[in-house]
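Remarks on the structure that follows.
Convention: sequence-line order gives letters A, B, ...; per-chain numbering from 1. Remember, predicted model here, so these are calculated numbers, not experimental data.
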2 protein chains.
Amino acid sequence: MGITKTQHFTGEQNRLAALAKALGHPARIAILQHLLKQQACICGDLVSELPLAQATVSQHLKELKAVGLIKGTVEGTSVCYCIDKQNWEEARDMFLQLFSSPVTCQENCC
Amino acid sequence: MGITKTQHFTGEQNRLAALAKALGHPARIAILQHLLKQQACICGDLVSELPLAQATVSQHLKELKAVGLIKGTVEGTSVCYCIDKQNWEEARDMFLQLFSSPVTCQENCC
DNA sequence: TTCCTTTATCGTAGTATTGCGATGAATTAG
DNA sequence: CTAATTCATCGCAATACTACGATAAAGGAA
């Protein structure tokens, strides 16, 4: 079919999957890394930073905004983007929790 | 087009994006959580645990194996899957590094 | 006002993903 | 050997993603 059966999974599983999916593209990783590196916020500089057309970058920004990892504010003609601190920390905590479980599987296991 | 321009990004960005993409589905999150919870490895129990057909689960397992997050070994008729400790820790470190940067953007920013 | 800049959105093409039934391969049971 | 079990793969249909050119919307400059 091609449509994910979200109903059958927990809200946490769906949320974490949505966050991971948003991180699942090198361009979006690059955008986030750039926003983290800059002390101030960035707008269309991202387009010149990335090897992608303006329309494509705008689309990636839209996806990151959709899951809440970034937020944007209009500043005159341009738009200022930055990390959404609250959701970013929520994401960090969810990934941290997933990876905090000890891996009990040994070498000889499997 | 529909093909990601991986050439223009760093190896790290592509690797992290690939790992994130693999985590970008609730079924795969559920699989990993189940493998983490079990002290021993699991095989086809996953199929009965998940609300998906056997073929679909097998496909998700294949993707997780492709990025190295899990590994499987044949044990008679069934296959034993478990977390690949080394790659799992690599993934944990990469996500940790991404989220370790301080978010400097303030409330009034943007 | 008109023009330019900046960003978002639309439309399209190509590709990838999701899901499943059907089938195939490998092992075990009898 | 045959039959059953377990899992992978194939093939298909439906949907989602990636990318970009073209266009639209909104503000600033002249």
Side-chain angles (χ1 to χ4, degrees), chain A residues 1-9 13-14 17-31 34-35 41-67 69-82 110, chain B residues 1-9 13-14 17-31 34-35 41-67 69-82 110:
Chain A
M1 300 184 180
I3 193 160
T4 300
K5 289 184 154 187
T6 53
Q7 328 91 28
H8 302 299
F9 299 99
Q13 286 169 337
N14 282 313
L19 288 167
K21 194 174 184 182
L23 297 178
H25 195 287
R28 293 195 288 268
I29 294 287
I31 289 172
H34 193 79
L35 290 180
C41 309
I42 300 293
C43 26
D45 299 344
L46 287 164
V47 176
S48 34
E49 288 281 337
L50 295 173
L52 296 167
Q54 180 264 323
T56 309
V57 175
S58 187
Q59 205 172 290
H60 284 303
L61 288 169
K62 191 180 174 184
E63 284 186 56
L64 287 172
K65 213 163 84 176
V67 293
L69 287 176
I70 65 172
K71 57 184 176 179
T73 324
V74 179
E75 288 197 349
T77 340
S78 55
V79 177
C80 178
Y81 280 104
C82 62
C110 299
Chain B
M1 301 187 175
I3 196 162
T4 302
K5 291 185 156 185
T6 53
Q7 328 92 30
H8 301 299
F9 299 98
Q13 286 169 337
N14 282 313
L19 289 167
K21 195 175 181 180
L23 297 178
H25 194 288
R28 294 195 288 269
I29 294 286
I31 289 172
H34 194 78
L35 290 179
C41 307
I42 300 293
C43 27
D45 301 342
L46 288 164
V47 176
S48 32
E49 287 281 336
L50 296 173
L52 295 168
Q54 180 265 323
T56 310
V57 174
S58 187
Q59 202 172 295
H60 284 305
L61 289 169
K62 189 180 175 183
E63 284 184 59
L64 288 172
K65 211 163 86 177
V67 292
L69 287 176
I70 66 173
K71 57 183 175 179
T73 324
V74 178
E75 288 198 350
T77 341
S78 55
V79 177
C80 178
Y81 281 104
C82 62
C110 299

* To do: Indicate yes or no for a side-chain donor-acceptor contact from A:R28 to the backbone of A:L23 under 3.5 Å, with no hydrogens or angles considered.
  =>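 No; zero donor-acceptor contacts below 3.5 Å.
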Starting from [atom2] on [N], measure out to [atom1] on [X] and report it in whole angstrom.
X     : N      : atom1 : atom2 : value
B:Q7  : D:dA19 : CD    : P     : 9 Å
B:L50 : D:dC7  : CG    : P     : 13 Å
A:E75 : D:dG28 : CD    : P     : 11 Å
B:I42 : D:dT6  : CD1   : C1'   : 15 Å
B:L46 : D:dA8  : CG    : P     : 10 Å
A:Q59 : D:dA19 : CD    : P     : 9 Å
B:K62 : D:dC10 : NZ    : P     : 7 Å
B:F9  : D:dA19 : CZ    : P     : 7 Å

Using only side-chain N and O atoms of [X], determine if any of them is under 4.0 Å from OP1 or OP2 of [N].
X     : N      : value
A:H60 : D:dC17 : no
A:T77 : D:dA26 : no
A:T4  : C:dT18 : no
B:Y81 : D:dT6  : no
B:K5  : D:dC20 : yes
B:K21 : C:dT17 : yes
B:S58 : D:dA8  : yes

* Asked: Nearest nucleotide by nearest heavy atom, which residue falls closer to the 5' end of DNA chain D, A:G76 or A:G24?
  ->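 Per heavy-atom nearest nucleotide, the more 5' residue is A:G24.
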Under 4.0 Å, heavy atoms only, any strand: does [X] hit a base, just the sugar-phosphate, or nothing?
X     : result
A:A55 : base
B:K65 : nothing
B:T56 : base

* If every non-hydrogen atom of B:P51 is compared with every non-hydrogen atom of A:K5, which pair is closest and at what distance? ->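 Heavy atoms of B:P51 and A:K5 come nearest at O-NZ, 3.6 Å.
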* To do: Taking all heavy atoms of B:L61 and all of B:Y81, pick out the closest pair and write down the distance.
  =>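 For B:L61 versus B:Y81, the nearest heavy atoms are CD1-CE1, 3.6 Å.
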* **Residue met sooner reading DNA chain C from 5', once B:L52 and A:V47 are mapped to nucleotides** =>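 Mapping each residue to its closest nucleotide by heavy atoms, the 5'-most match is A:V47.
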* Please tell me which of the listed nucleotides, C:dT6, C:dC20, D:dT18, lies nearest to the side chain of A:E63? =>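 It is D:dT18.
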* **Sequence-distant partners of A:Q54, side chain to side chain contact (heavy atoms under 4.5 Å, CB included), two or more places apart** =>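 Partners of A:Q54 by the side chain to side chain contact (heavy atoms under 4.5 Å, CB included) criterion, ordered by chain and then number, come out as A:V47, A:S58.
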* Asked: Could you go step by step and tell me if A:K21 and B:K21 meet the side chain to side chain contact (heavy atoms under 4.5 Å, CB included) rule?
  -> CA-CA 5 Å; A:K21 194 174 184 182; B:K21 195 175 181 180; over 6 Å; no
* Parallel, tilted or perpendicular for A:H25 and B:F9, by the 30°/60° rule? ->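 Perpendicular: the ring planes of A:H25 and B:F9 meet at over 60°.
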